[in-house]
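Remarks on the structure that follows.
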Amino acid sequence: MEVKFNILNRQFEKHQNEYETAALKVLRSGWYILGDQGKLFEEEFATWNQAKFCIGLNSGLDALTLAVKSLGIGDGDEVILPANTYIATVLAVTNNKAIPIFVEPDEYYNMDVRQIEKVITNRTKAILVVHLYGQIADMIQIQAIAKKHGLYLIEDCAQSHGAMLKGKKAGTFGDVGCFSFFPTKNLGAFGDGGAVVTNNESIAETVKMLRNYGSKVKYLNEIEGANSRLDEMQASLLRVKLEHIEEINSERKNIAYQYIAQIKNDIVQLPKLSHSKEGHVFHLFVIRTKDREELQRHLKEHGIETQIHYPVPPHLANCYKRLNYKIGSFPITEMYANELLSLPIYYGMKSDEINWVISVINKF
Ligand SMILES: *Cc1c(COP(=O)(O)O)cnc(C)c1O
């Protein structure tokens with residue numbers, strides 16, 4: 001039996017007619033950038049998150065980069081962020097010439113709240129928190145730290161669409177929440193896409209200008225902007241997918257709970273929930289083991305594809321040699337990078353595939 005890491009066709013096929021109708025409507029409309037579909041998606045995504053504003057953008061990286069920029073963070077400013085994250089989180093800081101200040105992860109793989117205050121200096125401008133693998137970070141405590149020190153709070157929600165804490169969605173605890181709609185994400189488009197949500201009108205206005213060459217009125221360029229618009233095709237397809245997001249998230253959770261209940265192997269450490277069940281939407285199902293290479297090979301021999309998120313932590317990436325970090329700078333992050341393994345989990349995954357993953361791991 002073969003189990004792929006992800007099969008994106010499955011989610012398309014589940015609602016194929018709806019996607020095809022939406023796509024044709026855009027093709028026939030003759031309007032492809034900044035139109036009705038984009039506006040409607042922004043309204044619907046803002047409402048779903050219980051946020052006042054949403055601005056559709058080109059990617060998750062742009063959402064993060066423009067969010068940092070909209071807060072006036074730049075040259076020499078410090079931004080505190082997790083060491084255990086995808087490189088995009090860090091690029092958003094360095095794209096703005098600001099300095100990333102890394103914090104080690106806790107046992108839930110999110111930023112360890114106890115380490116944040118130790119690295120605050122008089123150059124610190126913001127905390128950029130990531131809800132990694134779909135699990136919401138400790139936002140109540142992080143909010144309190146940000147408030148106490150007068151820091152902006154930015155959320156990287158690229159993996160956590162719909163994760164909740166105390167009835168509030170990830171992305172609405174800070175000044176601005178940043179989303180990716182890369183096809184594999186819980187709310188994935190059929191191409192690139194991203195968005196920010198915020199309750200702050202001036203951040204919303206600034207990001208709206210930044211995404212369109214820094215202009216409100218065509219050819220009147222107020223600030224140095226970018227081209228980062230969510231196109232009409234992606235917006236209309238995302239509107240369809242947003243109608244099914246609860247089903248998508250609950251299916252992912254069900255797969256995760258089956259793994260948690262049924263994987264029984266002493267060499268494997270399963271993910272833990274840091275809050276209630278609504279706090280984790282399982283973008284990824286990440287286990288930890290000292291025998292990763294052998295387990296990955298064993299799974300592959302039995303037809304099961306796995307991935308590693310992420311094999312090289314950003315502070316050790318070649319592109320950040322100038323930051324002068326070495327092996328041992330962030331030992332917990334580095335240990336995780338050597339031990340983490342992501343199992344297949346996706347909308348449309350079949351029960352015989354789930355059961356095969358479980359039984360192959362249990363026999364290792
Ligand atoms: C995917 C991802 C991003 C970047 O999103 P893109 O749309 O690919 O630019 C940023 N942060 C995290 C944590 C991600 O997983």
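Remember, it's a predicted structure, so these values are computed and weren't measured experimentally. Below, each value reflects all heavy atoms present in this structure, side chains not excepted, and no hydrogens, waters or symmetry copies.
The one candidate from Glu18, Glu251, Lys14 that meets the side chain to side chain donor-acceptor pair (under 3.5 Å) condition with His244 is Glu18.
Inspection of the Ser329 and His315 side chains reveals no N or O donor paired with an N or O acceptor under 3.5 Å. Neither side chain, Arg252 nor Tyr347, offers a donor N or O lying under 3.5 Å from an acceptor on the other. Gln135 and Lys272 form no side-chain donor-acceptor contact under 3.5 Å, judged by distance and modelled atom types alone. Inspection of the Thr184 and Asn6 side chains reveals no N or O donor paired with an N or O acceptor under 3.5 Å. Side-chain N/O atoms of Ser342 and Gln307 include no donor and acceptor closer than 3.5 Å.
A continuous path of ILVMFWY side-chain contacts below 4.5 Å connects Ile73 to Ile223, so both sit in one hydrophobic cluster. Cluster membership for Leu284 and Ile308, using ILVMFWY side-chain heavy atoms within less than 4.5 angstrom, is not shared. Transitive grouping of hydrophobic side chains (ILVMFWY, heavy atoms separated by less than 4.5 Å) brings Ile87 and Leu66 into a common cluster. Residues Phe5 and Ile358 fall into different hydrophobic clusters, defined by Ile, Leu, Val, Met, Phe, Trp and Tyr side chains chained together at heavy-atom separations under 4.5 Å. Leu230 and Leu27 fall into different hydrophobic clusters, where Ile, Leu, Val, Met, Phe, Trp and Tyr side chains are chained together by heavy-atom contacts under 4.5 Å.
For Gln269 (side chain) and Arg288 (main-chain N/O), no donor-acceptor pair under 3.5 Å exists by modelled atom type. The closest donor-acceptor contact from the side chain of His15 to the backbone of Gln11 lies at 3.5 Å or more, if one exists at all. Side-chain atoms of Glu243 never come within 3.5 Å of backbone atoms of Val240 as a donor-acceptor pair (strictly under, hydrogens ignored). Without hydrogens or angle criteria, Trp356 side chain to His302 main chain gives a donor-acceptor distance under 3.5 Å. With Asn265 contributing its side chain and Ile361 its backbone, the two residues share a donor-acceptor pair below 3.5 Å. Within the 3.5 Å criterion, the main-chain N or O of Thr85 finds no donor-acceptor partner in the side chain of Thr89. Formation of a donor-acceptor pair under 3.5 Å by the Glu78 side chain with backbone atoms of Pro100 is not found in this model. Side chain of Thr172 to main chain of Lys168: no donor-acceptor pair is present (N/O by atom type, distance under 3.5 Å, no hydrogens or angles). In this structure, Asn96 contributes its side chain and Ala92 its backbone to a donor-acceptor pair below 3.5 Å. A donor-acceptor pair under 3.5 Å links the side-chain atoms of Asn186 to the main chain of Val281, judged by distance alone.
Listed by first and then second residue, the ring-ring contact (aromatic ring centres under 6.0 Å, His included) pairs involving residues 111-135 are Tyr109-Tyr133 (not counting sequence neighbours). For residues 70-94, every residue pair satisfying the ring-ring contact (aromatic ring centres under 6.0 Å, His included) rule, not counting sequence neighbours, is listed here: Tyr86-Tyr310.
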Residues Val360, His298; criterion side chain to side chain contact (heavy atoms under 4.5 Å, CB included); working and verdict: CA-CA 8 Å; Val360 169; His298 170 79; 3.4 Å; yes

Intermediate values then yes/no, side chain to side chain donor-acceptor pair (under 3.5 Å), Thr65 and Asn95: CA-CA 7 Å; Thr65 302; Asn95 281 348; 3.2 Å; yes

CA sep, side-chain torsions, deciding dist, call: Arg10, Lys350, side chain to side chain contact (heavy atoms under 4.5 Å, CB included): CA-CA 10 Å; Arg10 297 249 180 103; Lys350 301 194 168 115; 3.7 Å; yes

Pair Trp48-Glu246, side chain to side chain donor-acceptor pair (under 3.5 Å): steps then yes or no: CA-CA 11 Å; Trp48 184 67; Glu246 305 301 342; 2.7 Å; yes

Steps toward side chain to side chain contact (heavy atoms under 4.5 Å, CB included) verdict (Leu128, Leu64): CA-CA 9 Å; Leu128 200 186; Leu64 287 158; 4.0 Å; yes

Stepwise ring pair (Phe, Tyr, Trp, His ring centres under 6.0 Å) check, Tyr259 with Phe282: CA-CA 12 Å; Tyr259 281 157; Phe282 285 98; 9.2 Å; no

Evaluation steps, ring pair (Phe, Tyr, Trp, His ring centres under 6.0 Å), between Tyr19 and Phe190: CA-CA 10 Å; Tyr19 289 122; Phe190 294 77; 4.9 Å; yes

Intermediate values then yes/no, side chain to side chain contact (heavy atoms under 4.5 Å, CB included), Tyr346 and Ile7: CA-CA 8 Å; Tyr346 58 90; Ile7 303 178; 3.5 Å; yes

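For Lys208 and Phe53, the positive end is not near the middle of the six-membered ring at less than 6.0 Å and at most 45° from its axis. With Phe41 as the aromatic partner, Lys241 does not meet the cation-pi criteria of under 6.0 angstrom to the ring centre and within 45 degrees of the ring axis.
For the pair Asp75 and Lys97, the salt-bridge criterion is not met [side-chain N within less than 4.0 Å of a carboxylate O]. Between Lys290 and Glu339 there is a salt bridge, since a side-chain N of the basic residue sits under 4.0 Å from a carboxylate O of the acidic one. The pair Glu353-Lys4 does not count as a salt bridge, with every side-chain nitrogen at least 4.0 angstrom from each carboxylate oxygen. A salt bridge does not link Lys52 with Glu201: every distance from a Lys NZ or Arg NE/NH1/NH2 to an Asp or Glu carboxylate oxygen is 4.0 Å or more.
Counting heavy atoms from C-beta on, the side chains of Glu104 and Pro331 come closer than 4.5 Å. A 4.5 Å side-chain heavy-atom check between Leu210 and Lys69 finds at least one atom pair inside the cut-off. With contacts defined as side-chain heavy-atom distances shorter than 4.5 Å, the pair Phe181/Leu187 qualifies. Side-chain contact between Leu343 and Ile287 is present, with at least one heavy-atom pair separated by less than 4.5 Å. Between Val26 and Leu237 there is no side-chain heavy-atom pair separated by less than 4.5 Å. Counting heavy atoms from C-beta outward, Glu293 and Leu295 have side chains that stay 4.5 Å or more apart. The side-chain heavy atoms of Lys300 and Glu305, taken from C-beta on, include no pair separated by under 4.5 Å. Side-chain contact check for Pro344 versus Ile304: some heavy-atom pair is nearer than 4.5 Å.
Within a 6.0 Å sphere centred on CZ of Arg114, other residues, nucleotides and ligands contribute 12 heavy atoms or fewer. Around atom CD of Gln50, no more than 12 heavy atoms belonging to other residues, nucleotides or ligands sit under 6.0 Å away.
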Can you give each donor-acceptor pair under 3.5 Å made by side-chain atoms of residues 214-222, sequence neighbours left out, with the distance rounded to 0.1 Å?
residue: Ser215; atom: OG; partner: Asn212; partner atom: O; Å: 2.9
residue: Asn221; atom: ND2; partner: Tyr213; partner atom: O; Å: 2.8

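Qualifying side-chain hydrogen bond (donor to acceptor under 3.5 Å, both in side chains) partners for Thr306, counting only residues two or more places apart in sequence or in other chains: Gln296. Not counting sequence neighbours, Glu232 has no partner by the side-chain hydrogen bond (donor to acceptor under 3.5 Å, both in side chains) test.
Cluster partners of Val119 are Ile80, Ile99, Ile101, Val103, Met111, Val113, Ile116, Ile120, Ile127, Val129, Ile136, Met139, Ile140, Ile142, Ile145, Leu151, Leu153, Leu165, Phe173, counting Ile, Leu, Val, Met, Phe, Trp and Tyr whose side-chain heavy atoms approach within less than 4.5 Å, directly or via other members.
A distance of 7.5 Å separates SG in Cys54 from CG in Asn49, rounded to the nearest 0.5 Å. Taken to the nearest 0.5 Å, the CG atom of Asn362 stands 7.0 Å off from the CD1 atom of Ile263.
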